[in-house]
Amino acid sequence: MPDAPSFRLRNTLTREVEPLVPSQTDADGTPVLRFYSCGPTVYSYAHVGNFRTFLTADLVVRTGRALGWRVDYVSNVTDVGHLTEDDVADGGGEDKMARALASKEGEAFANVWDLARHYTDALLSDWRSLGLIEPNVRPRATEHVREQIRAVEGLMERGHAYETEDGVYFHVPSFPDYGKLSGNSDAERLAAGAAGASREVVQDESKRDPRDFALWKKDPGHLMQWFSPFGWGFPGWHLECSVMAQKYLGETIDLHGGGEDLTFPHHECEIAQAEALTGEPFARMWIHTRFLQVEGEKMSKSKGNFLTVRDLTATPEEGGREDWGAPVDPLALRLLLISGQYGKPFNLTKKALADAAKNRQRYAEALEAVREAGESGPAGDPEITEGLRETLDDAYADALDGMADDLNTPVALAAALRGANTILSVARQPDGLSAPAAQAAMEYLQRVDDLLGIVGLAADGADEDDSADPLAEEIDALLAARQQAREDKDWARADALRDEIDALGIVVMDTPSGPTWRRK
RNA sequence: GGUCCCGUGGCCGAGUGGCUAGGCAAGGGUCUGCAAAACCCUCUACAGCGGUUCGAAUCCGCUCGGGACCUCCA
């Protein structure tokens with residue numbers, strides 16, 4: 001790949017679009033990108049907004065790999081129940097997991113550990129259904145408490161942390177760079193908070209600076225507790241990510257990402273902890289995914305208007321939202337969620353979801369055409385094959401250029417779709433796709449799938465086969481009867497049979513090679 | 001109060017100084033027993049005002065409108 005584009009991303013640290021450059025190479029000379037992306041707290045089902053952020057990370061990994069890099073990708077699961085007001089770190093707020101356990105849904109679980117396990121499993125299942133790449137390491141906070149305790153000790157030794165009756169705090173004034181990521185550095189402003197716009201800021205009287213945040217919280221009432229040199233308690237929320245990132249990726253990582261809300265305080269605090277501990281830069285570049293809106297409204301847990309992946313992809317019997325057209329193709333949802341560039345707010349609407357589903361169909365159709373031609377296509381004209389190959393190479397190159405340009409997915413998707421449409425147009429010509437042309441087309445679809453994950457090759461299209469449909473037998477029988485009626489020119493009976501099939505939610509399409517069908 | 005982002009055709013969304021992205025929808029057509037699908041054609045926009053420039057959606061200023069963070073949240 002001699003003329004591979006440079007990979008540029010908007011760096012939150014500088015607010016500039018900058019080249020992303022792996023700082024290391026492996027033994028073979030392959031560039032190695034070390035990337036950490038913050039995962040969710042598993043106290044409920046992940047919603048589509050969470051997945052927009054995870055998809056940003058997914059696309060970073062895919063683009064890096066498409067450029068020939070090795071990407072060491074770590075994304076955590078936060079399974080410790082942290083406080084809702086951990087930013088002020090004084091013990092205000094509730095434990096999120098305890099609250100979830102006490103809720104109606106929580107009744108099904110024996111304890112917080114059980115609850116965390118359930119929602120972690122659900123997360124992984126949704127992760128796979130949307131075709132997200134599995135991280136090289138998916139560390140859990142509860143499995144890294146020992147490392148977190150050591151980090152607290154290290155920060156105390158270096159004079160960046162102190163102990164009070166309630167816990168151990170990071171002393172922000174000991175780290176002059178605090179605020180370099182978010183711009184929130186003014187102590188008085190932070191102390192004042194939103195100046196009455198939100199809530200009373202409860203302060204731990206023994207904290208030395210209002211910005212100081214908890215590294216370890218002593219709380220005998222917490223449902224998850226570990227023993228430490230500072231007594232029984234649990235680690236502060238910000239600590240786990242910096243500790244786990246450094247454990248698996250080293251003191252300085254290339255890229256760290258998450259949702260826009262994490263910029264402050266979470267990532268700001270991670271920087272403070274990590275850099276105070278090692279004296280080295282923590283992450284060279286930061287990216288943040290803007291929030292998703294639903295029908296123009298902000299989606300948030302407090303509003304309760306969030307959509308989970310399964311709300312959209314499950315059948316109504318399994319709890320899918322019929323008002324949203326469930327069950328929708330998970331890859332259509334994926335396509336929709338990446339159709340806007342990650343750095344801009346994205347408005348998820350029913351109409352956009354329906355549009356995405358249609359768009360996704362193009363890839364499914366192209367794949368089907370290629371598979372059919374690959375089995376039986378003629379040898380074909382070498383010139384046509386070569387022309388197709390060139391067109392597809394161009395389309396792929398444009399898609400990759402788009403992705404390299406700060407993950408410009410709208411541009412990349414447009415280019416990718418252009419290629420799929422080209423394949424379809426060749427397939428629909430009288431001679432159709434020759435076997436060699438089909439091979440070129442398949443290579444293209446494979447590369448596009450590797451880059452964008454929307455073709456469905458990775459998931460193996462077997463489950464999309466008509467034969468897997470429980471209604472297939474019945475429909476086939478009705479279709480055969482209708483075909484017979486059509487041959488008899490009994491149009492009234494043929495139309496009546498189509499109405500019957502239509503009532504099953506199936507659309508019939510007649511083609512030169514016989515009728516086919518699909519779900520509405 | 002502080003910080004920041006955005007206003008593109010019916011809708012979604014690219015495009016950072018000249019060469020009409022793309023998708024969906026809509027209208028017309030071809031094809032078809034009818035339909036569906038497919039294919040072809042049509043729809044030339046950049047919130048408003050002013051400025052810079054030979055030339056601005058693109059740069060500058062102002063106005064209007066929408067949104068985000070500084071609470072929970074990806």
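Letters A, B, ... mirror the listed sequences (proteins, then strands); counts begin at 1. Source: prediction; values computed, not measured.
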Practice task
List for me each residue that meets ring pair (Phe, Tyr, Trp, His ring centres under 6.0 Å) alongside A:Tyr36, sequence neighbours excluded, and say none if there are none.
Solution key: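 Ring pair (Phe, Tyr, Trp, His ring centres under 6.0 Å) check on A:Tyr36 returns A:His256.
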Handout entry: Flag for A:Asp311-A:Thr308: side-chain donor and acceptor within less than 3.5 Å
Key =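 Yes, because at least one side-chain N or O of A:Thr308 sits under 3.5 Å from a partner of the opposite role on A:Asp311.
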Interatomic distance at [atom1], [N] relative to [M], whole Å:
N: B:A45; M: B:C4; atom1: P; result: 35 Å
N: B:G50; M: B:A37; atom1: P; result: 47 Å
N: B:C60; M: B:A56; atom1: P; result: 15 Å
N: B:U53; M: B:A57; atom1: C1'; result: 16 Å
N: B:C62; M: B:C5; atom1: P; result: 15 Å
N: B:G48; M: B:C40; atom1: C1'; result: 39 Å
N: B:C64; M: B:G29; atom1: P; result: 49 Å
N: B:G28; M: B:C43; atom1: P; result: 15 Å

If I take atom [atom1] in residue [X] and atom [atom2] in nucleotide [N], what distance separates them, rounded to the nearest angstrom?
X: A:His266; N: B:C70; atom1: NE2; atom2: P; answer: 14 Å
X: A:Leu307; N: B:A74; atom1: CG; atom2: P; answer: 15 Å
X: A:Phe291; N: B:G66; atom1: CZ; atom2: C1'; answer: 18 Å
X: A:Asn50; N: B:C72; atom1: CG; atom2: P; answer: 15 Å
X: A:Lys489; N: B:U32; atom1: NZ; atom2: C1'; answer: 12 Å
X: A:Glu240; N: B:A74; atom1: CD; atom2: P; answer: 12 Å
X: A:Asp502; N: B:C34; atom1: CG; atom2: P; answer: 19 Å
X: A:Leu123; N: B:A74; atom1: CG; atom2: C1'; answer: 12 Å

Exercise for the section: May I ask you to decide whether A:Asp219 forms a salt bridge with A:Lys217, counting only side-chain N to carboxylate O separations under 4.0 Å? Expected result: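 Looking at A:Lys217 together with A:Asp219, the answer is no, because their closest N to O distance does not fall below 4.0 Å.
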Practice task
Heavy atoms under 4.0 Å is the rule here; annotate nucleotides 35-41 of chain B 5' to 3' with B where the base is hit, S where only the sugar-phosphate is, and - elsewhere.
Solution key: BBSSS--
Completion exercise
Going 5' to 3' through nucleotides 4-16 of chain B and flagging B where a protein heavy-atom sits under 4.0 Å of the base, S where only the sugar-phosphate is that close, and - otherwise, we get -S-----B-SSS-
Practice task
Could you label the plane-to-plane angle of the A:Trp286 and A:His288 rings as parallel, tilted or perpendicular, counting under 30° as parallel and over 60° as perpendicular?
Solution key: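 Ring orientation of A:Trp286 relative to A:His288: parallel.
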Exercise for the section: Measure up the A:Tyr73 and A:Phe35 rings against each other and bin them: parallel (under 30°), tilted (30 to 60°), perpendicular (over 60°). Expected result: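 The arrangement is parallel - the two ring planes meet at less than 30°.
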Exercise for the section: Just jot down the salt bridge (Lys or Arg N to Asp or Glu O under 4.0 Å) partners of A:Arg140, sequence neighbours excluded, or say none. Expected result: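 Partners of A:Arg140 under the salt bridge (Lys or Arg N to Asp or Glu O under 4.0 Å) test: none.
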Practice task
Quick one: list whatever passes salt bridge (Lys or Arg N to Asp or Glu O under 4.0 Å) with A:Arg418, sequence neighbours left out.
Solution key: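 Partners of A:Arg418 by the salt bridge (Lys or Arg N to Asp or Glu O under 4.0 Å) criterion, ordered by chain and then number, come out as A:Asp398.
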Check whether the ring centres of [X] and [Y] lie less than 6.0 Å apart, and answer yes or no.
X: A:Tyr248; Y: A:His144; answer: yes
X: A:His238; Y: A:His267; answer: no
X: A:Tyr178; Y: A:Phe175; answer: no
X: A:Phe213; Y: A:Tyr169; answer: no

Quick one: list whatever passes side chain to side chain contact (heavy atoms under 4.5 Å, CB included) with [X], sequence neighbours left out.
X: A:Ile384; result: A:Asp381
X: A:Pro345; result: A:Arg290, A:Gln293
X: A:Phe291; result: A:Glu260, A:Asp261, A:Lys298

Exercise for the section: Stems involving RNA chain B: give each as a range paired with a range, ordered by first number, where a stem means at least three consecutive Watson-Crick or G-U wobble pairs under 3.5 Å. Expected result: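 Stems for RNA chain B, defined as runs of 3 or more consecutive pairs: B:1-7 with B:64-70, B:10-12 with B:22-24, B:26-30 with B:38-42, B:47-51 with B:59-63.
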Exercise for the section: Select from A:Gln293 and A:Gly39 the residue whose nearest nucleotide in RNA chain B is closer to the 5' end of that strand. Expected result: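 The 5'-side residue here is A:Gln293.
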Practice task
Tell me, with the steps shown, if A:Asn50 and A:His47 meet side-chain hydrogen bond (donor to acceptor under 3.5 Å, both in side chains).
Solution key: CA-CA 5 Å; A:Asn50 293 113; A:His47 53 68; 3.1 Å; yes
Handout entry: side chain to side chain donor-acceptor pair (under 3.5 Å) partners for A:Asp393, two or more places apart
Key =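 Checked A:Asp393 against side chain to side chain donor-acceptor pair (under 3.5 Å); matches are A:Arg447.
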Handout entry: Interface residues of residues 253-262 of chain A with RNA chain B (non-hydrogen, below 4.0 angstrom)
Key =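 Close to the strand are A:Gly258, A:Gly259, A:Glu260, A:Asp261, A:Leu262.
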Dump every N/O contact between nucleotides 29-31 of chain B and the protein below 3.5 Å, one line per pair.
none

Practice task
Would you indicate what A:Asp495 reaches in the nucleic acid, counting non-hydrogen atoms under 4.0 angstrom: base, sugar-phosphate, or nothing?
Solution key: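 Base, at least one base atom sits under 4.0 Å.
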Handout entry: Closest contact, heavy atoms only, A:Val17 versus A:Asp406
Key =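 Answer, listing the atom of A:Val17 first, then A:Asp406: CG2-OD2, 4.2 Å.
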